[in-house]
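Letters go in sequence order (proteins before strands), and every chain restarts at 1. The shown structure was predicted, so the numbers you read here are calculated from the model rather than taken from an experiment.
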Amino acid sequence: MRWIIMLLLCMSINAVAVEDVFPFKSDAQAKRYHQLTEEIRCLVCQNQSIAESNASIAQDLKREVYAKIVTGVDNQTIKNDLARRYGDFILFKPKFDARTVMLWIAPMGFLLLGIAMVMVSMRQKSRKQGLQNQLRSSEQIEISSEK
Amino acid sequence: MLLRLLPLVLFLTLVGFLGWGLRHDPHQLPSTLIGKAVPAFQADSLMQPGPIDQTVFKGKITLLNVWASWCTACQAEHAFLWQLAQSGKVQLVGLNYKDDALIAKQWLLQMNNPYQAVIIDATGQLASQLGVYGTPETFLIDRAGIIRYRLTGPLTQKIWQRVLQPKIATLTQYETKRIE
């Protein structure tokens with residue numbers, strides 16, 4: 001009996017910091033809320049999402065997201081409305097459009113370019129090696145023929 | 001031979017962009033509302049009886065200053081705002097953001113009130129529509145009620161001279177041209 005109580009006491013130490021906890025009617029809505037609040041940037045603590053941040057604006061935006069989810073607004077509309085007022089920077093995943101195409105493509109592009117350059121230089125080296133080998137073997141033949 | 005220099009060139013380009021990025025202040029986000037009208041709203045006025053709405057911006061060039069009695073940076077810019085209000089160069093309208101109206105009123109009565117009018121935004125709803133994410137913030141609004149610029153952080157003499165004054169001059173120029 002005692003160890004059950006001890007176990008329960010230990011588990012209560014995992015209590016989360018004080019924060020608004022919103023009631024949801026369905027698990028699906030709760031999931032959407034958690035997902036969405038992790039994709040929205042806190043503009044004050046800019047490396048944190050509003051889910052993580054303690055800033056006042058993060059609390060306000062969480063409340064707004066909650067209210068919109070509960071009244072049936074879909075994710076894209078919520079994100080668009082936030083981006084309309086605060087700018088694209090508020091979304092952690094930048095939109096894919098003409099301005100951000102370099103941002104999305106550059107990392108993979110650099111990697112592929114690097115691999116290509118390594119391959120080219122390896123091929124050049126092996127060609128060089130091949131020529132040197134041919135020269136050496138033809139020299140050998142000359143030397144042995146001179147003997 | 002030139003192909004050998006490619007990694008260096010790419011690296012230097014990358015360094016160039018990173019260096020340029022370092023000079024950016026990530027907290028100065030450009031407002032998405034530049035060129036758009038202030039959204040219609042209805043609110044209480046802090047210092048005068050009666051309601052206040054977006055027509056307060058019509059007819060004069062205005063600086064809409066988002067402030068609160070609990071915001072220490074707002075107190076820092078207050079002296080300059082008072083100077084500006086007295087110079088009459090621009091109309092100042094305040095947006096009292098998530099504040100206690102009584103405390104805010106007392107604060108203004110004690111400290112000199114630079115504002116022509118003060119909008120009470122106790123919940124921060126209106127500010128949220130304007131994309132406000134910190135205090136203080138100042139919006140430059142033209143005679144037609146269109147937002148022309150948004151400054152995040154305290155308004156100083158330097159920023160006024162370097163940024164706002166020239167913008168106001170362009171606005172006035174444009175308006176005089178239209179009348180001609």
Side-chain angles (χ1 to χ4, degrees), chain A residues 20 40-50 53-68 78-92 94-95 99-100 102-103 105-125, chain B residues 1-18 20-21 24-39 41 66 68 70-74 97-99 121-137 139 147 149-150 152-153:
Chain A
D20 284 341
I40 297 168
R41 188 192 303 269
C42 170
L43 294 176
V44 174
C45 312
Q46 293 180 343
N47 281 325
Q48 289 184 315
S49 65
I50 58 175
S53 171
N54 286 324
S56 144
I57 190 181
Q59 308 306 325
D60 291 344
L61 289 178
K62 275 192 277 196
R63 232 171 285 137
E64 186 181 322
V65 169
Y66 168 71
K68 288 194 168 151
I78 296 177
K79 285 198 230 177
N80 287 346
D81 190 51
L82 287 175
R84 179 184 59 85
R85 285 142 56 196
Y86 293 96
D88 291 337
F89 190 59
I90 199 173
L91 302 171
F92 268 125
K95 284 193 247 170
R99 281 188 316 147
T100 59
M102 277 311 291
L103 179 66
I105 292 188
M108 190 49 85
F110 274 121
L111 185 64
L112 292 176
L113 185 65
I115 292 175
M117 289 178 70
V118 165
M119 281 173 65
V120 165
S121 95
M122 273 173 67
R123 217 174 284 166
Q124 281 184 340
K125 255 196 212 154
Chain B
M1 184 60 209
L2 277 177
L3 200 67
R4 285 228 191 121
L5 290 179
L6 186 62
L8 181 63
V9 168
L10 287 177
F11 176 68
L12 289 176
T13 319
L14 190 64
V15 168
F17 276 117
L18 290 174
W20 175 76
H24 259 187
D25 178 2
H27 284 96
Q28 281 287 350
L29 294 176
S31 169
T32 51
L33 297 173
I34 291 182
K36 303 214 174 96
V38 176
F41 66 92
V66 181
W70 45 260
C71 158
T72 43
C74 306
Y97 177 70
K98 294 175 80 174
D99 206 350
D121 189 9
T123 55
Q125 265 273 67
L126 174 58
S128 182
Q129 290 304 310
L130 293 170
V132 170
Y133 57 98
T135 44
E137 282 192 23
F139 291 82
I147 297 171
Y149 185 70
R150 187 265 297 269
T152 317

Yes or no on side-chain contact (heavy atoms from CB on, under 4.5 Å) for B/K98 and A/D60, after CA distance, side-chain angles and deciding distance? CA-CA 11 Å; B/K98 294 175 80 174; A/D60 291 344; 2.4 Å; yes
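- Interface remark: B/S128 contributes backbone and side-chain atoms alike to the contact with chain A (heavy atom separation under 4.5 Å).
- Remark: B/Q125 CD is loosely packed, at most 12 non-hydrogen atoms of other residues, nucleotides or ligands lying under 6.0 Å away.
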Under the side-chain contact (heavy atoms from CB on, under 4.5 Å) rule, what do B/Y133 and A/I90 come out as? Steps first, then yes or no, please. CA-CA 11 Å; B/Y133 57 98; A/I90 199 173; over 6 Å; no
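- Neither the backbone nor the side chain of B/F17 comes within contact range of chain A, judged by heavy atoms closer than 4.5 Å.
- When each of B/P30, B/G124, B/P7, B/P26 is checked for heavy-atom pairs under 4.5 Å with chain A, B/P26 comes out on top.
- Neither the backbone nor the side chain of B/K36 has a heavy atom closer than 4.5 Å to any heavy atom of chain A.
- For A/F89, the part lying under 4.5 angstrom from a heavy atom of chain B is the side chain only.
- Note that CZ of A/R84 and OG1 of B/T32 are 7.5 Å apart. Values are rounded to the nearest 0.5 Å.
- Applying the 6.0 Å contact sphere to CG of B/D25 captures more than 12 heavy atoms from other residues, nucleotides or ligands.
- For A/A55, no part lies near chain B; criterion is any non-hydrogen pair under 4.5 Å.
- For the atom pair B/L29 CG and A/R41 CZ, the distance stands at 9.0 Å (nearest 0.5 Å).
- Using a 4.5 Å cut-off between heavy atoms, A/S121 does not touch chain B at all.
- The candidate with the highest count of non-hydrogen atom pairs below 4.5 Å against chain A, out of B/L33, B/V132, B/L130, B/T123, is B/V132.
- Proximity to chain B is limited to the side chain of A/L113, based on heavy atoms less than 4.5 angstrom apart.
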